[in-house]
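For reference, the structure discussed in these notes is given below.
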Amino acid sequence: MGHALAGQFPVDHSARLLRNYRYAAERSMRALGGWIALTPELPAKLLLGRHVWDLAQHADAFGRRLPELRAQAQTSEPPNERFVAFMDALEEPEQPHQTVERLVGVYRVLKPHVLSVYLDHLERANPVYEPPTRRILLRCIEDERRHIAAGAVILGHLARTPAQRERASVWQGRLEGLVTVAGGVTGDGLPPSRPPAAPAALELGDDAREWIRLAEGVTVWPMPDDLRAAVASFGVALVARDEAELGRWLAPGVVRDEAALATLGASVFDRHDVVAVSRVGRQCLVKLRLEGPAVLVTVLTRWAPGDAGWRVAALEVASADAGRPHLPRR
Amino acid sequence: MERPIGYDKLAREDRFVRMRAREVAQLKVDQGFPPFADLSTRDSMRERVHGIMVGEMQAMEGAGRTVCDFPEAPWEFTLDMARQVWDESRHVEIYLRLLEHLGGYAGEFPETTILWRCACAEDAAARVAGVNRGLEGLACDVFNQLVHIARKIGDPILERAVEFVLADEITHVRMGSKWLTKLTEGDPERRRRAIEFQENIDERFNLGGVRREGDHDVVSISIATDVRRMAGFTEEEIERLIKTTQRSQVY
């Protein structure tokens with residue numbers, strides 16, 4: 001055992017490490033904040049929303065420590081241009097269908113890496129004269145463990161198909177390559193990887209499984225039986241492109257989007273699913289997802305009750321994506 | 001990253017149906033319903049709570065964008081906005097649970113995006129004026145009334161949860177007042193534009209006379225004058241808001 005006052009970091013070096021950590025914390029905080037609006041899935045939004053503030057506090061704690069180490073307060077510094085390139089790549093996936101890539105970058109690559117760096121730093125920071133830094137690291141370590149665990153739950157929920165898991169794996173490999181080339185968040189090389197430790201017990205408000213449950217809401221769309229039957233027949237008619245049967249369900253004076261009807265008429269579908277049911281007064285808005293070998297179309301219909309039963313009072317195509325892979329069923 | 005993003009980039013799961021507020025209100029009026037949920041029935045309370053849940057989601061998204069869009073802003077501003085993201089994400093969870101408590105589900109009513117559009121202002125000062133003071137001020141009115149109604153109908157779950165959310169909203173209004181002042185220091189023209197933006201939002205959210213001064217049981221959305229004072233609105237601002245509600249005609 002070495003001398004109690006033996007240390008591995010000169011003050012200036014310690015300050016540089018904290019500026020490096022702050023760079024990663026601040027930049028990922030801004031990315032997570034910006035992604036919330038770009039991410040469709042509600043559980044993923046809640047995940048990102050929870051962690052923005054933790055990252056802000058990490059960056060703030062590192063930034064406040066800096067003047068105590070003869071450095072300027074609240075400054076961030078990347079270790080090198082290669083780490084900047086890694087962060088640029090991590091921020092790349094901004095499209096709505098790239099939630100898995102966004103989460104993989106943060107929760108499978110960046111956070112496990114900074115966690116191992118913080119643990120390594122903690123082991124080497126002198127316990128007699130570096131407690132201020134050690135306390136910050138301890139807090140960050142606890143948060144990062146909690147974040148990684150929550151991210152794994154949400155990723156497990158979102159990456160359900162082999163194709164999605166493959167996509168996640170490819171993206172993870174690319175980013176891990178970049179962070180390795182950069183020498184990690186400090187530029188000094190990657191510390192040895194560590195077996196994952198269990199995070200501290202969750203408070204209810206931080207349980208990612210609950211976010212999934214709350215967001216899913218219902219397993220069967222609530223609607224009157226006669227409307228359910230009408231929607232089912234209408235969906236079958238859309239898939240079959242049976243104009244006579246479709247016409248039977250359209251109310252007189254229906255608000256029709258002719259371009260939408262042309263899109264539907266020109267596409268081949270093999271199945272339909274109800275993906276949303278909303279209410280406006282006594283009327284119901286029903287969103288149908290139509291899937292074909294080469295196209296995915298979402299149709300929004302407004303159903304109104306009348307003497308003849310439920311009829312479509314308005315119809316529009318909400319979205320149409322050619323070449324999209326099939327989505328997992330509810 | 002793209003900074004800022006267009007308001008049409010707001011991403012949603014399929015379970016949500018997005019519509020213009022005006023169209024939703026018109027459809028309801030055409031069917032003989034009031035344009036906005038009036039809290040008179042459990043059904044209407046569920047609709048109001050759903051609207052608030054969606055509003056909290058957009059507030060979280062808006063605050064998140066503010067953290068992302070203004071890296072050159074003072075660090076303390078970013079910290080406050082990051083805190084607000086956390087608060088709003090907890091509020092979304094609270095209202096999802098309240099929705100469940102009331103027998104509803106996410107997506108049960110259409111989503112309107114007026115709040116999100118306000119959160120897309122290009123100037124940080126305009127965002128805090130419009131969102132933190134205009135929209136969070138509206139939230140103070142709505143939540144204060146909801147606490148009152150929950151107490152009246154004997155729903156302690158609703159009462160206590162919304163009371164805590166209200167406390168957060170008061171904090172957000174204070175943040176808005178602080179940063180409106182700090183960000184526009186020495187730039188009266190920027191301040192004027194930001195306040196004008198907030199006043200436009202206030203006017204829009206008077207909802208054609210739905211928000212008014214009056215008893216919780218009588219008006220659909222009653223202006224929470226005491227809570228607004230606590231949040232740092234001046235007497236002059238409260239008086240001006242009340243006056244504008246008397247001439248708002250459109251929803």
Side-chain angles (χ1 to χ4, degrees), chain A residues 26-27 29-42 45-57 59-60 63 73-74 91-92 94-96 99 205 210-211 214-218 221-222 275-283 285-287 289 298 300 302 304 318-319 327, chain B residues 1-5 9-19 23-24 27-33 43 47 57-58 60-69 71 75 78-79 81-90 92-94 96-97 99-100 104-111 116 119:
Chain A
E26 182 190 355
R27 207 166 153 185
M29 169 201 72
R30 294 193 195 279
L32 263 62
W35 282 343
I36 298 172
L38 301 172
T39 297
E41 300 86 354
L42 185 46
K45 282 183 192 290
L46 293 175
L47 175 82
L48 300 169
R50 284 300 207 284
H51 297 167
V52 166
W53 173 234
D54 286 334
L55 288 167
Q57 288 177 97
D60 190 56
Q74 302 299 359
E91 288 181 357
E92 262 173 38
E94 291 197 86
Q95 296 304 309
T99 303
E210 276 291 287
W211 301 336
L214 287 165
E216 298 247 311
V218 288
W221 295 110
V275 292
V277 176
S278 294
R279 294 196 295 117
V280 184
R282 281 180 293 274
Q283 300 187 356
L285 301 159
V286 179
K287 214 190 261 184
R289 188 166 66 203
T298 307
L300 179 60
R302 176 162 55 83
S319 67
L327 299 175
Chain B
M1 289 184 78
E2 189 183 345
R3 293 183 169 104
I5 58 169
K9 292 278 180 75
L10 185 64
R12 282 289 175 272
E13 288 175 305
D14 275 341
R15 75 181 64 246
F16 290 97
V17 175
R18 195 179 296 175
M19 284 178 81
E23 192 185 352
V24 174
L27 277 171
K28 289 167 75 178
V29 168
D30 291 347
Q31 296 173 67
F33 291 98
D43 217 35
E47 184 173 351
M57 192 157 63
Q58 292 176 23
M60 170 176 70
E61 293 162 330
R65 283 313 307 183
T66 300
V67 167
C68 177
D69 290 346
W75 171 244
T78 301
L79 263 185
M81 293 299 112
R83 168 59 195 241
Q84 192 173 329
V85 174
W86 186 53
D87 291 344
E88 307 295 7
S89 78
R90 289 182 296 101
V92 174
E93 178 176 340
I94 289 166
L96 282 170
R97 289 182 186 280
L99 204 52
E100 187 178 54
Y105 61 93
E108 186 178 5
F109 301 95
E111 174 183 16
W116 165 250

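Values below: all heavy atoms of this structure, side chains included; hydrogens, waters and symmetry mates excluded. Fair warning: this is a prediction, and the values are worked out from it, not measured in the lab. So that the names make sense, note that chain A is the first sequence line, chain B the second, and so on, each numbered from 1.
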Polar side-chain atom of A/S278 near backbone of B/G107 as donor-acceptor pair, under 3.5 Å: yes
Residues at least two apart in sequence or cross-chain that pass side chain to side chain donor-acceptor pair (under 3.5 Å) with B/E23, listed by chain then number, are none
Check ion pair A/R279-B/E47 (N to O, under 4.0 angstrom): no
Find the distance between CD1 (A/I36) and CD (B/Q58) and round it off to the nearest 0.5 Å. 13.0 Å
For B/A82 versus A/W53, what's the shortest heavy-atom pair and its separation? O-CB, 3.6 Å
Part of A/A31 within contact of chain B (heavy atom distance under 4.5 Å): both
Mind listing the closest non-hydrogen atom pair of A/R50 and B/R90 along with its distance? NH1-N, 3.6 Å
Can you tell me how far the CE atom of A/M29 sits from the CG atom of B/L79, to the nearest 0.5 Å? 7.5 Å
Taking atom OG1 of A/T99 and atom CD of B/E13, what is their separation to the nearest 0.5 Å? 9.0 Å
So, taking the atom named CG in A/L48 and the one named CE in B/M60, what distance separates them when rounded to the nearest 0.5 Å? 8.5 Å
Only pairs of heavy atoms separated by less than 4.5 Å count here; which of B/R18, B/E88, B/E111, B/R83 has the most with chain A? B/R83
Which heavy atom in B/A11 sits nearest to a heavy atom in A/K45, and how many Å separate them? O-NZ, 3.1 Å
Might you work through the side-chain contact (heavy atoms from CB on, under 4.5 Å) test for A/L42 and B/L96, ending with a clear yes or no? CA-CA 11 Å; A/L42 185 46; B/L96 282 170; 4.1 Å; yes
Might you work through the side chain to side chain donor-acceptor pair (under 3.5 Å) test for B/W86 and A/D54, ending with a clear yes or no? CA-CA 9 Å; B/W86 186 53; A/D54 286 334; 5.6 Å; no
Donor-acceptor under 3.5 Å (B/R15 side chain, A/A215 main chain): yes
Can you measure from CE (B/M19) to CZ (A/R302) and round to the nearest 0.5 angstrom? 6.5 Å
Chain B contact via A/E92 - side chain, backbone, both or neither, heavy atoms under 4.5 Å: neither
Proximity breakdown for B/F109 and chain A, heavy-atom pairs closer than 4.5 Å: both
Quick check on B/T78 against chain A: is it the side chain, the backbone, both or neither that has a heavy atom closer than 4.5 Å? side chain
Looking at B/R65 and A/G34, what are the two nearest heavy atoms and their distance? NH1-O, 2.8 Å
Quick check on the interface: out of B/E61, B/R12, B/K9, B/Q31, who has the most heavy-atom pairs with chain A under 4.5 Å? B/Q31
What's the shortest heavy-atom distance between A/K287 and B/V17, and which atoms? CE-CG2, 4.1 Å
How long is the gap from CG on A/L214 to CD1 on B/I94, to the nearest 0.5 Å? 11.5 Å
Heavy atoms of B/W75 and A/D60 approach each other most closely as NE1-OD1, 2.8 Å
Can you tell me which portion of B/P71 sits under 4.5 Å from chain A's heavy atoms? Options are side chain, backbone, both or neither. both
